Every structure is written in C-alpha cells, then in structure tokens.
Amino acid sequence: YLVEKTSFKGRVFMTHPTKAIYKLLLSDYVKITSKKNPLFNKKDLNNSMDWLPAIEVYGEGIFIALTEESVQEWEIQPEVRERTATLEHRRERSFYSESLPVLTPRFIMIHTLAHLLVRQLSYQSGYSSSAIRERLYVAEQSKEGQPMAGLMVYTGEGDSEGTLGGLVRSGDPDWFLPMMITALQTADWCSLDPVCSESTSQGPDGLSLAACHACAVISETSCQYRNASLDRRLLLDPQFGYFSSVLAAVDNSRANGFI
C-alpha cells in the first residue's frame, strides 16, 4: 500500500521473513475486505513486488509416488467420480475457490494420504505433527505435462545443521511399510464413526467428506490446503478405496496367522 498508493519514499522495515507467503497473506486481505474502497486490490498486489522474501531451510522428508496405471484404473470408478464431483461442485461456489485447485479423485486421495502419514509419523519420527508438512505432486495427463501422483512429507529448519533424521529413518522400507499399514488401519476406523464415515459434508464450506479431527485433520501449519478436500473413504472403502486390497491382504494374513 505504501509503495503503490502513496508518494511515500522512505524506508520500510519488516521482521525477518520465515516463508515466501507475502502475496498469500495479502491476497487473503483482498478477498475479505470491502469492495467499495479497499486499500489495495489484486492488481496492486500483483504489481507491488516481482520477487518474494524467503529463507533457505534445511531438512528431510519422504517422497512417495503411486503407480500411474493403478491410479488411472482406480479413478474411473463411478463411486469415486461421484464423491469427487460433489466436492468439486462445492469448491466452485466456495470462498476458497481461488486458493484450492480443481478437485480430482487423485488429488483428494493423495491429499488425504498425506494427512494420514503426517499423523502417524508424529508418533514415531520424533517430530510433532505441526512440524511435519505436506507437498503434493498431482496432475492428470494434459498437453502441458505428464501425469503425477505423488506426495512428500517433510520438515525443515533455518539452521544449517538441518534436522534430526527421524523422517529419513522412517523412510527406510523396513520401517516405512509397517508404518504405512498402521496409518491406514488407524484411519479405517475413526472414533466418530459411523457419523464421520457417513458424513456428506465436513470442514470449511463442506469441502471434505469422511474426514474429521479424530482421523484425518492435521495442524493448519502442516496443510497446504486449509484442511479441505479430504475423504478417507477414497482410500479405505471396501468397495472403491484405493488401498482396500492392501487392508484386505493384511486382514487375511492376520487371520491365517502370518502376522
């Protein structure tokens, strides 16, 4: 506002930046402020700075990529498309329509999986859930690029020494696979079920389905998308869940005494 709307030419002091969220914070102001006489608008914001203050962080993380063929085969199921279409219709009419991407089956499924992993890793990695963050790599086949179906859960600090190694150790296959199965089994039964699993609207603007604070919601600082667009049934439902065969195999092995 000072540099765009007034003739002020003096020095502007600010606190040390911790993340590149300058435009994100001010864009929230643009959305909620009065439309009649705002201090600045979206055009002013876009013209105000062609670079973002940020700091370099050092840390660790776990990256997971799902098999594209299996994702494509899963996301064409009618039940999956129907649940996704419900949330996408709400997103289009929501206050968060500009800050959330188009909701697709793979996006909601991978976003929910990231939340389940963050919650489980907070028990065994040595980090609190608020210290672990998500980054999604999701895209469908298009002229602009190749399809993606991946996620990263990570933590980072500004100190050059980095972090403690808890996520790196948890990413070892001998540790990660049991942890992944535990995360899925824990989410399969929420303490608020059947209310949660049968819910048709949860979270901000009803942008989540089967997902609540007892099973899938994480710290606001950890989620890229305001804890919206979550649905654990897309992962775990016996009929159409992406990981339903994994849970069935685990249950069968346990019944036969193999685990």
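Computed over heavy atoms, backbone and side chain alike; hydrogens, waters and symmetry mates excluded. Every value quoted in this text rests on a predicted model; they were computed, and no experiment measured them.
- In terms of modelled atom types and a separation under 3.5 Å, the side chain of Asp193 and the main chain of Val195 share no donor-acceptor contact.
- Residue Leu167 comes nearest to Ser125 through the heavy atom pair CD2-CB, 3.9 Å, listed as atom of the first residue, atom of the second, then distance.
- Residue Gln185 comes nearest to Leu247 through the heavy atom pair CG-CD2, 3.9 Å, listed as atom of the first residue, atom of the second, then distance.
- The aromatic ring centres of Tyr137 and Phe63 sit less than 6.0 Å apart.
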Return a table of donor-acceptor pairs under 3.5 angstrom between the side chains of residues 114-122 and protein atoms on other chains or two or more places apart.
unit_1, atom_1, unit_2, atom_2, d
His115, ND1, Ala216, O, 2.9
His115, NE2, His111, NE2, 3.1
Arg119, NE, Cys215, O, 3.2
Arg119, NH1, His213, O, 3.3
Arg119, NH1, Val217, O, 2.7
Arg119, NH2, Ala214, O, 3.1
Ser122, OG, Arg119, O, 2.6

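- Using a 4.5 Å heavy-atom threshold, the side chains of Ile62 and Ile64 count as touching.
- In this structure, Tyr154 has its ring center at least 6.0 angstrom away from the ring center of Tyr127.
- At distances below 3.5 Å, not a single donor-acceptor pair connects side-chain atoms of Gln124 with backbone N or O atoms of Ser170.
- Taking 4.5 Å as the limit, some side-chain heavy atom of Pro105 sits within range of a side-chain heavy atom of Val80.
- With Thr112 contributing its side chain and Ile108 its backbone, the two residues share a donor-acceptor pair below 3.5 Å.
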Show, in sequence, the C-alpha distance, side-chain angles and deciding distance for Arg226 and Leu207, and conclude whether the side-chain contact (heavy atoms from CB on, under 4.5 Å) test is met. CA-CA 10 Å; Arg226 306 170 188 270; Leu207 290 172; over 6 Å; no
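- In this structure the side chain of Thr182 never reaches within 4.5 angstrom of the side chain of Tyr123, judged on heavy atoms.
- Inter-residue side-chain proximity for Val153 and Arg133 is flagged as unmet; no heavy-atom pair is nearer than 4.5 Å.
- Of the possible polar contacts, none joining the Ser70 side chain to the Leu66 backbone as a donor-acceptor pair under 3.5 Å is found.
- Taking the charged nitrogens against the carboxylate oxygens, Arg90 and Asp205 have no contact shorter than 4.0 Å, which rules out a salt bridge.
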Cys212 vs Gln202, side-chain contact (heavy atoms from CB on, under 4.5 Å): CA-CA, chis, key distance, verdict: CA-CA 7 Å; Cys212 69; Gln202 294 197 75; 3.4 Å; yes
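- Under a 3.5 Å cut-off, the side chain of Thr104 and the backbone N or O of Phe107 do form a donor-acceptor pair.
- Leu234 is not listed as a side-chain neighbour of Asp237, based on a closest heavy-atom distance of 4.5 Å or more.
- No side-chain heavy atom of Leu151 sits less than 4.5 Å from a side-chain heavy atom of Arg135.
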Is there a side-chain contact (heavy atoms from CB on, under 4.5 Å) between Cys190 and Ser197? Walk through the geometry before answering. CA-CA 8 Å; Cys190 173; Ser197 62; over 6 Å; no
Can you give me every donor-acceptor pair (side chain of residues 172-179, partner residue at least two apart or in another chain, under 3.5 Å) with its distance?
unit_1, atom_1, unit_2, atom_2, d
Asp172, OD1, Asp174, N, 2.9

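- Using a 3.5 Å distance cut-off with no hydrogens or angles, the side chains of Glu73 and Tyr242 do not pair a donor with an acceptor.
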Derivation and outcome, side-chain contact (heavy atoms from CB on, under 4.5 Å), residues Leu184 and Asp188: CA-CA 6 Å; Leu184 295 174; Asp188 191 36; over 6 Å; no
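- A donor-acceptor contact shorter than 3.5 Å is absent between the side chain of Glu134 and the backbone of Cys223.
- Dense packing is recorded around CD of Glu220, with more than 12 heavy atoms of other residues, nucleotides or ligands lying under 6.0 Å away.
- Using a 4.0 Å cut-off between charged side-chain N and carboxylate O, Glu68 and Arg106 make a salt bridge.
- Looking at heavy atoms from C-beta onward, Leu113 lies in side-chain contact with Met180 at the 4.5 angstrom threshold.
- Side chain to side chain, Ser128 and Ser130 meet the donor-acceptor criterion of an N or O pair below 3.5 Å.
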